[in-house]
Structure formats: structure tokens, C-alpha cells
There are 2 protein chains.
Amino acid sequence: MDRTDQSLIALRRILRATELYGRDLAKAAGLTAAQFRVLQIIDETGASTPKAIAMRMRVSQATITSLIDRLERQKMIERKRSEIDRRQTDIIITEQGHQTVEHAPDALQQRYVREFERLEEWEQAMLVASLERVAAMLDAHDIDASPVLDTRDIRT
Amino acid sequence: MDRTDQSLIALRRILRATELYGRDLAKAAGLTAAQFRVLQIIDETGASTPKAIAMRMRVSQATITSLIDRLERQKMIERKRSEIDRRQTDIIITEQGHQTVEHAPDALQQRYVREFERLEEWEQAMLVASLERVAAMLDAHDIDASPVLDTRDIRT
DNA sequence: TCTTGATATTTCGATTGTCTAACTATATGT
DNA sequence: ACATATAGTTAGACAATCGAAATATCAAGA
């Protein structure tokens, strides 16, 4: 097997592990995966708008409306009419919502962080360089992507 | 920002790029993402069973039944009662199904492969080592995972 | 062989995520 | 002030997903 195949297999293992884990994580928090992602985005800054979330997740605004409906019913977030532009709705995270994101038992990421930080300096540097290389190869042409660097839920 | 954060951000870029692309890929093939994944799994070996697919994708069998219903209606696969264990249904890919998987315009993977193969030897080796390291950190404890190495649609 | 328990699949009913199109309210430019 | 654009919601549709119940088959033991 050549290196290209090896790299693809490793990539798929990474994708698979994270995807499968994402479901469990959300479930442990009492939410669905999509709801949890929305909550994470809002939690990043404490507030957002449906429009911004929709662009960030690349789904329609209508989808966000229904996700927000559910999160609101669960008291994870609150809707508030924007003062500056009354067409907009500010989505504000509640204390409970913040706690949910904060305390979600993200075992996968925790384990990753733990193991990563046990590595030698040079190895950490190599991994970062490699991952950034791969990321660039994958999303390089994605020029219409969100201008906001995706830093959601960095660190556990 | 420390190296841990940098690696997490790069990982998220990888995850995001592949997830977003997966939707487009399936759509280009005239299927949904879930349907396309099922078809890929069947295409790997030419045939499978609902049970095996469900375990592999970690969804319930009921979900697979409905996905298979749709793929069957589109003549991508055929159902056939197993001869050896008549409780089982063999899911067999049709020529059309195979062609669909084969010719799906997987631009993302094509670009990745193209760029990967342009790299220096040593850099390819570094990427493989790094990706495998990360994969091990992420799915190491996933001992109940499919025993079959996930080689679906290797190479374009 | 007959029974009993396990397994593979499907069916049914429900919830969720997702879309497009239409609608409402607000903003903005001329 | 009017026309047009933008933010959000609503309505109606379909797909993915689940758990529970139903059906058919297998397998092991009395």
C-alpha cells in the first residue's frame, strides 16, 4: 500500500472517530448533535444571530429557526430583539446553556488534549505542521468559507 | 496560542472541510449523504447485509432498512434472500450503483491526492506518521469498532 | 421432534434536521 | 415616500433516525 492510501485511511479513521463521538457527546448533554453545535457557536461569544449561525454552519436560516426554537424551549438560549437593527434577533446563551457546553463530558477531546500534551516538543510541532498542511490541502479552495476562523470550543 | 490549540483548530478545519464536501458529493451523485455512504460500503465488497451496514455505520437496523428501500427504488442495489441463512438479506450492488460510486466527482479527495503526491518523499512520510498518530489518539479506545479496516473508496 | 430463546429484518409511529417558497417587519437609497 | 433589499419566521415537504413491536428463521436442548 502506498503512502497516499495510508494517509487516506488515517484521515478516515480521524473522521470516523470524531463523527461517532460527536453524537455521543451531544446525547450526553441531552441534546442532538445539531443542537449542540448551535449552542457551541453561541457560547463562543455569548450571543449571535440566526443569520450568522446559518452562514457559519452553511445551512438555511429556516433550519436555524427550528433549532433555536428547540434550544429556547429547553432554556439553553433566549431570543432578544436587536436594539440597533430591529430586523435582527440576538440569540443569547443562558447560564444553563453555558454550563451545558462547559460541562459536556468531551472525553474524546479530553483524551486527545491529554495525549497531545504528553508528546515531546518536536513531535507536537510536527503534528501541528502536518495537520495544518492537510487542512490547507482540503479547504484551500474554499474561498467563500466563513471569514471567522473556526475556533469553537477550543480546549476542554 | 499554544500548540494544542493550533492542532485542534487544524483538526476542525479538516473535519469541517470534509463534512461540508460530503454533502455536495452526494448531491452531485443524485443521492443524500447517508445514502451515498451506504452505497460506498456495499460497493467495497459488492455485497453486504443490513446488519453489517448498521454496525459499520453505528445506526439502528431500522435506519438501514429505510435507506436501502430508497436505494433499491433508485436501482442502485438489489435485495436477495440469503441462501445460507434465510433470515438474512444480501444487499447486492447493481452496475448502476457501482458506476455511481465510481464516477462520483470527488473533487475534494482528488485534489487531496493530487497535492499529496506532489509532496517530497520525506514530507509524505511525515504526514502519514502524523495522521496515524492522531488517529490512534482519537480512536484508540474504540475497541468495539468495526474489525474491518475502513478502506472505502481509497484512491480516486 | 418440539419447544424455547436468540437473531435478522421489516414495519410503525414519532421526532428531528433540512430545504424552498411565501410572508412580515424593518432598513436603506434615491 | 416608494422601491428594493435584508432578517427572521412560517408552512409544507421529505429524509434520517430511533425504539418498540411484529415476522421469519435458526439453533440448542429435552
Side-chain angles (χ1 to χ4, degrees), chain A residues 19-42 47-74 76-92 146, chain B residues 19-42 47-74 76-92 146:
Chain A
E19 184 209 328
L20 293 173
Y21 204 81
R23 297 187 215 164
D24 297 345
L25 171 60
K27 190 144 74 177
L31 300 172
T32 65
Q35 287 167 14
F36 192 75
R37 258 180 287 133
V38 169
L39 197 59
Q40 280 183 319
I41 289 174
I42 300 166
S48 189
T49 66
K51 174 79 176 179
I53 299 168
M55 289 196 308
R56 173 81 170 268
M57 291 178 63
R58 310 247 198 128
V59 297
S60 70
Q61 273 200 77
T63 300
I64 298 300
T65 293
S66 87
L67 290 171
I68 285 181
D69 284 345
R70 294 182 172 78
L71 288 171
E72 193 177 32
R73 253 182 266 131
Q74 297 176 71
M76 296 292 180
I77 56 108
E78 277 170 13
R79 279 181 162 99
K80 186 159 166 304
R81 234 4 177 353
S82 166
E83 302 287 321
I84 41 175
D85 182 340
R86 296 176 44 74
R87 289 171 305 182
Q88 288 187 110
T89 304
D90 291 331
I91 311 296
I92 301 159
S146 152
Chain B
E19 185 209 327
L20 293 173
Y21 204 83
R23 297 187 215 166
D24 298 345
L25 171 60
K27 190 146 71 175
L31 300 171
T32 66
Q35 288 166 14
F36 192 75
R37 259 180 285 134
V38 169
L39 198 58
Q40 280 183 320
I41 289 174
I42 300 165
S48 190
T49 65
K51 175 80 176 178
I53 300 168
M55 288 197 309
R56 173 82 170 268
M57 291 178 64
R58 311 249 196 122
V59 296
S60 72
Q61 275 203 82
T63 300
I64 299 300
T65 294
S66 88
L67 289 171
I68 285 180
D69 284 345
R70 295 187 219 293
L71 288 172
E72 193 177 31
R73 252 182 266 132
Q74 297 176 73
M76 296 292 181
I77 56 109
E78 277 169 14
R79 278 181 162 99
K80 186 160 166 302
R81 233 7 177 349
S82 166
E83 302 287 321
I84 40 175
D85 183 340
R86 297 175 46 70
R87 289 170 303 181
Q88 289 186 114
T89 304
D90 291 332
I91 311 296
I92 301 159
S146 154

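Just so we're on the same page: letters track the sequence lines, and every chain starts at 1.
A/Arg79 comes within 4.0 angstrom of the backbone, heavy atoms only, and of no base. Base contact: B/Gln61 has a heavy atom under 4.0 Å from a base atom. Across all strands shown, A/Thr49 has heavy atoms under 4.0 Å from sugar-phosphate atoms exclusively, and none from any base. If you check every strand for non-hydrogen atoms under 4.0 Å, B/Thr89 touches sugar and phosphate atoms only. A/Ile64 comes within contact range of no nucleotide atom at all, as no heavy-atom separation falls under 4.0 Å. Within the 4.0 angstrom heavy-atom criterion, base atoms lie near A/Ala62.
Rounded to an integer number of Å, the gap from B/Ile68 CD1 to C/dT10 C1' is 11 Å. If you measure from atom CG of A/Asp24 to atom P of D/dT17, you get 14 Å, rounded to the nearest angstrom. Atom pair B/Arg70:CZ and C/dT11:P shows a separation of 13 Å (rounding to whole Å applied). Per the geometry, CD belonging to B/Gln35 stands 14 Å off P belonging to D/dC14, to the nearest Å. B/Asp69 has its CG atom 7 Å from the P atom of C/dT11, to the nearest Å. The NZ atom of B/Lys80 sits 16 Å away from the C1' atom of C/dA8 (whole-angstrom rounding). Taking atom CD1 of residue A/Ile53 and atom C1' of nucleotide D/dG8, one finds them 12 Å apart after rounding to whole Å. Atom CG of B/Leu67 and atom C1' of D/dC14 are 13 Å apart (whole Å).
Residues B/Gln88 and B/Lys51 have side chains not in contact (no heavy-atom distance under 4.5 Å, counting atoms from C-beta outward).
Here the rule is side-chain contact (heavy atoms from CB on, under 4.5 Å) with B/Ile64, and of B/Ile41, B/Ile91, B/Ile53 only B/Ile53 fits it. Each of A/Glu78, A/Gln74, A/Arg73 was evaluated against A/Met76; a single residue qualifies, A/Gln74, per the side-chain contact (heavy atoms from CB on, under 4.5 Å) test.
For C/dG17, neither phosphate oxygen OP1 nor OP2 lies less than 4.0 angstrom from any side-chain nitrogen or oxygen of A/Arg37. Taking side-chain N and O atoms only, B/Thr63 has no distance below 4.0 Å to OP1 or OP2 of D/dA16. Considering only side-chain N and O atoms, A/Thr65 lies nowhere under 4.0 angstrom from the phosphate OP1 or OP2 of D/dG8.
Residues B/Pro50 and B/Thr89 approach most closely at CD-O, 3.2 Å, considering heavy atoms.
With rounding to the nearest 0.5 angstrom, the CG atom of B/Leu67 is 10.5 Å from the CG atom of B/Leu31. Put simply, NZ on B/Lys80 and CD1 on B/Ile92 are 5.0 Å apart, with the number rounded to the nearest 0.5 Å. Atom CZ in B/Arg37 sits 4.5 Å away from atom CE in B/Met57 (nearest 0.5 Å).
In this structure, A/Arg73 and B/Gln88 both approach DNA chain C, and ranking their closest nucleotides by distance from the 5' end singles out B/Gln88. Place A/Lys27 and A/Asp90 on DNA chain D by their nearest nucleotides, and A/Asp90 ends up nearer the 5' end.
In this structure, of D/dT17, C/dT9, C/dT18, it is C/dT18 that holds the atom nearest to the side chain of A/Ala34.
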When you compare the protein's N or O atoms with those of nucleotides 22-26 of chain D, which come within less than 3.5 Å of each other, and at what distance?
unit_1, atom_1, unit_2, atom_2, d
D/dC26, OP1, B/Arg86, N, 3.0

>> Go through it in stages, so that I can follow the logic: the residues are B/Val59 and A/Arg23, the test is side-chain contact (heavy atoms from CB on, under 4.5 Å), and I'd like the CA-CA distance, side-chain angles, deciding distance and then a yes or no.
In response: CA-CA 11 Å; B/Val59 296; A/Arg23 297 187 215 164; 3.8 Å; yes
